[in-house]
Colleague: 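Take this structure, written in C-alpha cells, and hold onto it; I'll ask about it next.
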Amino acid sequence: MSILVIADHDNGSLKPVTLNVLSAAVAIGGDIDVLVAGEGCSAAAEAAASAEGVSKVLLADNAAYGHHLAENLSALVTDLGKGYGHILTSAATTGKDFLPRVAALLDVAQISDIIKVESADTFMRPIYAGNAIATVQSSDAIKVITVRGTAFDPVAAEGGSATVESLDNVQDAGSSSFVSEEMAKSDRPELTAAEIVVSGGRGMQNGDNFHMLEKVADKLGAAMGASRAAVDAGFVPNDMQVGQTGKIVAPNLYIAVGISGAIQHLAGMSGSKVIVAINKDEEAPIFQVADYGLVADLFEAVPELDAAL
Amino acid sequence: MKVLVAVKRVIDYNVKVRVKADNSGVDLTNIKMAMNPFCEIAVEEAVRLKEKGVASEIVVVSIGPKVAQEQVRTALALGADRGILIETDQEVQSLQAAKLLKAVVDEEQPQLVILGKQSIDSDNNQTGQMLAALAGMPQGTFASEVAVDGDKVNVTREVDGGLMTVALTLPAVVTTDLRLNEPRYASLPNIMKAKKKPLDMKSPADFGVELKASLTTLKVEEPPKRSAGIKVADIAELVDKLKNEAKVI
Ligand SMILES: Cc1cc2nc3c(=O)[nH]c(=O)nc-3n(C[C@H](O)[C@H](O)[C@H](O)COP(=O)(O)OP(=O)(O)OC[C@H]3O[C@@H](n4cnc5c(N)ncnc54)[C@H](O)[C@@H]3O)c2cc1C
C-alpha cells in the first residue's frame, strides 16, 4: 500500500519539517505521494517534487485551502486518503488541527506524535508529558499518523524528480472562514528546526529583559524559546512556548535561563543534545537534566555570556 | 444558548508518573487524580459565557469510571448546571470518546461544545476535532479567545507562527489552550450546592456505541534517562566547555 504525506508549507515555500515526515514515511516503506494543498502554492509543490523518495506530488491549489482551514482540508484528505495505507503529516498545529477529522471521517484511530516506526503497523509515541514511551499497534486498514519532526532525520531536499499532478478537487464546507492573523516576525531560525535555542522563564521578570537573551541568541544564531510561565505573564508571545503543550525542540544546544524545569517544560526540550541551565536556585530541577549548570543570578550571568561570545 | 463541556479525569499534573515494572503501562495505584487542566479551562469559559448572558445552560459530560463523578461534581461546583457521566471501566480511545460525545450532542443539541485541546495522560490532541468531524461542525482548536456573535463564533487560535482568528457558524466545537482564561476555584457553598445538581448516569450501550479499540498498547517504557552533568563555576568555564568539550558553539 502506498503512503500519503500532507506537506507543511506556507503557500510560498515548503517547510523543512516535511522532509522529516518523509523520512518517517520511508521507514514505513512503500510508494510515497505528497499532497500540497493551499492557495498559490505551486512553488511548494515543486520543492516537494524534488525531495528524496517522493513518487508523485498532488497539488490542490484553491482559495478554499489557502488558510488550511481544517473543515476543508480534512474533507479533501479524507477523499484522497481512501486509496492509501498510511496518511502522515507533521504534529505541527496545522496537522494537529485537521488530521483527527480525517481519522474520524475514515472511522479509524489516529496515532499522534510518533517518534519511531517499529513496523508498518507499530509505532512509538510519548505519553504523560514524555515520562513514558508507548509502543502501539494499529489494526486499522488506514493508519492516520502525526509525526514528531525532531525525532526523524530529514530526507534530502534535492535529488528527487517526482511529477506534479494538479487536482481539481475543491472541498469548501462553508462553515468556517479566515478572519485575521498575527504572525510573529523574526529573522531568527525557526524554533523547532534551530541548531541552538535560548529560552527564558519566569526568572526573566519582564519582556524587556528578554532583549538580553536576544543579544545572546543573535550572537549564536539561535532561536528564542520560553517557558509557559513567561508566555502566560505576557513577557513573550505564545509561539515561543516550549513544552508538553507547546513546541517540541531538539537542538544541539539548549540554554535555559531562569527556568525551573517543570516536567511539562522538560517534555519539550529533553531531547536536546546539550543542555545548559542558568538558575540562581541550585535545587532547581532543571539541573537534573543539564549537562552544564551555572548557579548564578541571570542578570549578572547573561550580560557576561553576551560579552564572552 | 446551550453549551456542552466535556471533561476528563486524569492524573494530577504535578505527579511524576512511574512506568510499571512489567511494562504494561504506568502505575496509577494511589495516585492523585484530578480534572484535566485543559478541561478546567473549558468549564471556566462556559461559566464566563453564562455570566455574560451568552450561555443559558451548561451541561457537563464525562466518560470514565464511576469515580469520575468527582470531576463532574467539580464542574457543577464551578457553575455547570447539570452533569452526565457515561460510565465505563474500559479504556476509551479518542475515536470512541468522540462517538459517545456525538451521541450526547445529538440528544442535547448544544450550540457550542467546549473541550480541552489535549488530555495530559495520553497527550493525543484528537477528541474535539474528531467530534467536530462526526457532528459535521466547524472547529476552533487551541483557542485563546472565544467571542460569540449572533449565529457565529470568532475563535482566536494559538498556532505555531502566532495567532489566527477564524469565524465559525454555530453550532461549533472549540478546544481550549492555556491562555484562554485562568480557571477559578470552587467555593465551599458552591461545592455544597453542586451535590444537589442533577447528574445522569449512562453507559456506552445507552448510546449504542461499542468500545472496540483499534489501537493496542504493546508496551510502555521509561524514556532514555538524562543524567545531570556538571556545575560550572562561571561564564568563562561555561563558554570554554561549550567550545572545547561539547563543541556546540
Ligand atoms: C496543562 C499544563 C500544561 C503545561 N504546559 C507547559 C509547557 O508546554 N511548557 C512549559 O514550560 N510549562 C508548561 N506548564 C507549566 C509548568 O508546570 C510550569 O509552571 C512552568 O514551566 C514554569 O515556568 P518557569 O520555569 O519559567 O517558572 P518557575 O517555575 O517560576 O521558575 C522560575 C525559575 O527562575 C529562577 N530565577 C528567578 N530569578 C532568577 C534570577 N534572577 N537568576 C536566575 N534564576 C532566577 C528561579 O530559581 C526558578 O527556578 C504546563 C502546566 C500545565 C498544568
Side-chain angles (χ1 to χ4, degrees), chain A residues 69-71 74 92-93 96-97 100-101 103-105 108-112 122 126-140 175-184 220 228 232 237-239 245 252-253 263 270 274 276 287-295 301 304-305 308, chain B residues 11 13 16-17 19 26 93-95 98 118 120-126 129-130 132-134 137-139 141-142 144 154 158-169 178-179 214-223 226 228-232 234-236 238-239 241-242 246 248-249:
Chain A
L69 293 173
E71 297 74 16
S74 60
T93 45
K96 283 179 185 166
D97 188 38
R101 287 185 79 103
L105 295 171
V108 299
Q110 173 177 300
I111 309 153
S112 292
T122 306
I127 53 175
Y128 291 92
N131 287 306
I133 309 292
T135 302
V136 292
Q137 186 172 37
S138 164
S139 61
D140 286 317
S175 55
S176 61
S177 59
F178 170 81
V179 176
S180 62
E181 64 187 7
E182 263 175 68
M183 292 297 170
L220 294 171
R228 173 193 173 180
D232 282 5
N238 65 279
D239 55 273
T245 59
N252 281 331
L253 173 61
I263 48 174
S270 57
V274 174
V276 168
F287 287 124
Q288 290 164 22
V289 299
D291 300 282
Y292 302 109
L294 176 62
V295 180
E304 271 182 50
L305 177 59
Chain B
I11 187 165
Y13 79 93
K16 188 164 187 299
V17 296
V19 170
V26 301
Q93 294 182 355
S94 309
L95 182 62
Q118 81 190 60
I120 59 166
D121 49 2
S122 50
D123 280 337
N124 275 319
N125 198 329
Q126 299 174 355
Q129 297 89 314
M130 287 180 161
L134 296 177
M137 289 184 194
Q139 68 190 36
T141 52
F142 329 142
S144 69
N154 279 351
E158 293 200 358
V159 294
D160 285 336
L163 296 170
M164 173 182 182
T165 304
V166 291
L168 313 173
T169 50
L178 295 168
R179 259 72 58 181
S214 58
L215 298 182
T216 312
T217 299
L218 302 181
K219 64 177 178 222
V220 174
E221 296 162 293
E222 296 256 358
R226 272 198 98 96
I230 57 158
K231 292 258 167 62
V232 292
D234 51 31
I235 287 289
L238 176 64
V239 172
K241 294 279 185 201
L242 293 178
V248 284
I249 62 171

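Below, read A as the first sequence line, B as the second, and so on, with proteins coming before strands; counting in each chain starts at 1.
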Colleague: When only pairs under 4.5 Å are counted, which of B:Ala228, B:Ala132, B:Pro138 shares the most heavy-atom pairs with chain A?
Modeller: B:Pro138
Colleague: Checking B:Glu221 against chain A: side chain, backbone, both or neither under 4.5 Å from a heavy atom?
Modeller: both
Colleague: If you count heavy-atom pairs within less than 4.5 Å of chain B, which of A:Lys96, A:Arg228, A:Arg101 leads?
Modeller: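 Winner by heavy-atom pair count: A:Arg101.
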Colleague: Any donor and acceptor pair, going by atom type alone, linking the side chain of B:Asp123 with main-chain N or O of A:Ala129 inside 3.5 Å?
Modeller: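 Pair found, side chain donor or acceptor close to backbone of A:Ala129.
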Colleague: To the nearest 0.5 Å, what is the distance between OG (B:Ser122) and CD (B:Gln93)?
Modeller: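 Separation between the atoms: 9.5 Å.
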Colleague: Checking heavy atoms, do the side chain of B:Asn154, its backbone, both or neither come under 4.5 Å from chain A?
Modeller: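 Only the side chain of B:Asn154 comes within 4.5 Å of chain A.
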Colleague: Given heavy-atom pairs under 4.5 angstrom as the criterion, report whether the side chain, backbone, both or neither of A:Ile263 touches chain B.
Modeller: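 Only the side chain of A:Ile263 comes within 4.5 Å of chain B.
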Colleague: Can you give me the closest heavy-atom contact between A:Leu294 and A:Ala301, atom names plus distance?
Modeller: CD2-CB, 4.1 Å
Colleague: What residue, out of B:Asn124, B:Leu242, B:Val26, has the most heavy-atom pairs lying under 4.5 Å from chain A?
Modeller: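 Heavy-atom pairs under 4.5 Å are most numerous for B:Asn124.
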Colleague: Against chain B, label A:Leu220 side chain, backbone, both or neither, depending on which of its atoms sit under 4.5 Å from a heavy atom there.
Modeller: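 Answer is side chain: those atoms of A:Leu220 sit under 4.5 Å from chain B.
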Colleague: With distance as the sole test, does B:Asp160 use its side chain to make a donor-acceptor pair with the main-chain N or O of A:Thr93 at under 3.5 Å?
Modeller: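 Here the side-chain-to-backbone pair exists.
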Colleague: Please classify the contact between A:Ala290 and chain B as side chain, backbone, both or neither, with a heavy-atom cut-off of under 4.5 Å.
Modeller: backbone
Colleague: Under a 3.5 Å cutoff, is there a donor and acceptor pairing between the side chains of B:Ser214 and A:Asp140?
Modeller: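 Yes, side-chain donor-acceptor contact under 3.5 Å.
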Colleague: Is A:Val276 in contact with chain B via its backbone, its side chain, both, or neither, using a 4.5 Å heavy-atom distance?
Modeller: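 Just the side chain, heavy atoms under 4.5 Å.
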Colleague: If we ignore angles and hydrogens, is there a donor and acceptor under 3.5 Å between the side chains of B:Gln139 and A:Asp97?
Modeller: yes
Colleague: Using a 4.5 angstrom heavy-atom cutoff, name the option from B:Ile11, B:Ile120, B:Asp234 with the most pairs to chain A.
Modeller: B:Ile120
Colleague: Name the option with the most non-hydrogen atom pairs under 4.5 Å to chain A; the candidates are B:Arg179, B:Met137, B:Met164.
Modeller: B:Arg179
Colleague: Using a cut-off of under 4.5 Å on heavy-atom pairs, state which of A:Val108, A:Asn238, A:Asn131 scores highest against chain B.
Modeller: A:Asn238
Colleague: Return the OG1 to NZ distance between A:Thr122 and B:Lys219, rounded to the nearest 0.5 Å.
Modeller: 10.0 Å
Colleague: Tell me every residue that passes side-chain hydrogen bond (donor to acceptor under 3.5 Å, both in side chains) with B:Gln126, counting only those two or more places apart in sequence or in another chain.
Modeller: A:Ser112, B:Ser94
Colleague: Pick whichever of B:Leu238, B:Leu168, B:Ile249, B:Thr216 has the most heavy-atom pairs under 4.5 Å with chain A.
Modeller: B:Thr216
Colleague: Quick check on the interface: out of B:Ile235, B:Thr169, B:Val166, who has the most heavy-atom pairs with chain A under 4.5 Å?
Modeller: B:Ile235
Colleague: Could you tell me which of A:Val179, A:Asn252, A:Val289, A:Leu253 has the largest number of non-hydrogen atom pairs under 4.5 Å with chain B?
Modeller: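 Looking at each option in turn, the highest pair count goes to A:Val179.
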Colleague: Does A:Glu182, at its CD atom, have more than 12 non-hydrogen atoms belonging to other residues, nucleotides or ligands within less than 6.0 Å?
Modeller: no
Colleague: Regarding A:Ser176 and A:Glu71, is there a side-chain donor-to-acceptor distance under 3.5 Å anywhere?
Modeller: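 On atom types as modelled, these side chains qualify, holding a pair under 3.5 Å.
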Colleague: Of the backbone (N, CA, C, O) and the side chain (C-beta and beyond), which part of B:Val19 lies under 4.5 Å from a heavy atom of chain A, both, or neither?
Modeller: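 Answer is side chain: those atoms of B:Val19 sit under 4.5 Å from chain A.
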Colleague: Between B:Leu163 and B:Glu158, is any pair of side-chain heavy atoms under 4.5 Å apart?
Modeller: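 In short, these two side chains touch, coming nearer than 4.5 Å.
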Colleague: With a 4.5 angstrom heavy-atom cut-off, is it the side chain or the backbone of B:Ala98 that approaches chain A, or both, or neither?
Modeller: neither
Colleague: Check each atom of B:Val239 against the heavy atoms of chain A and say whether the ones under 4.5 Å are side chain, backbone, both or neither.
Modeller: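 B:Val239 touches chain A through side-chain heavy atoms alone.
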Colleague: Let's test your reading of the structure: which of A:Ser180, A:Pro237, A:Ala134 forms the most heavy-atom pairs below 4.5 Å with chain B?
Modeller: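 Heavy-atom pair counts peak at A:Ser180.
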Colleague: Contact part of A:Ile111 toward chain B, heavy-atom cut-off under 4.5 Å: side chain, backbone, both or neither?
Modeller: both
Colleague: Would B:Gln129 and A:Gln110 satisfy side chain to side chain contact (heavy atoms under 4.5 Å, CB included), going step by step from the backbone distance to the final call?
Modeller: CA-CA 11 Å; B:Gln129 297 89 314; A:Gln110 173 177 300; over 6 Å; no
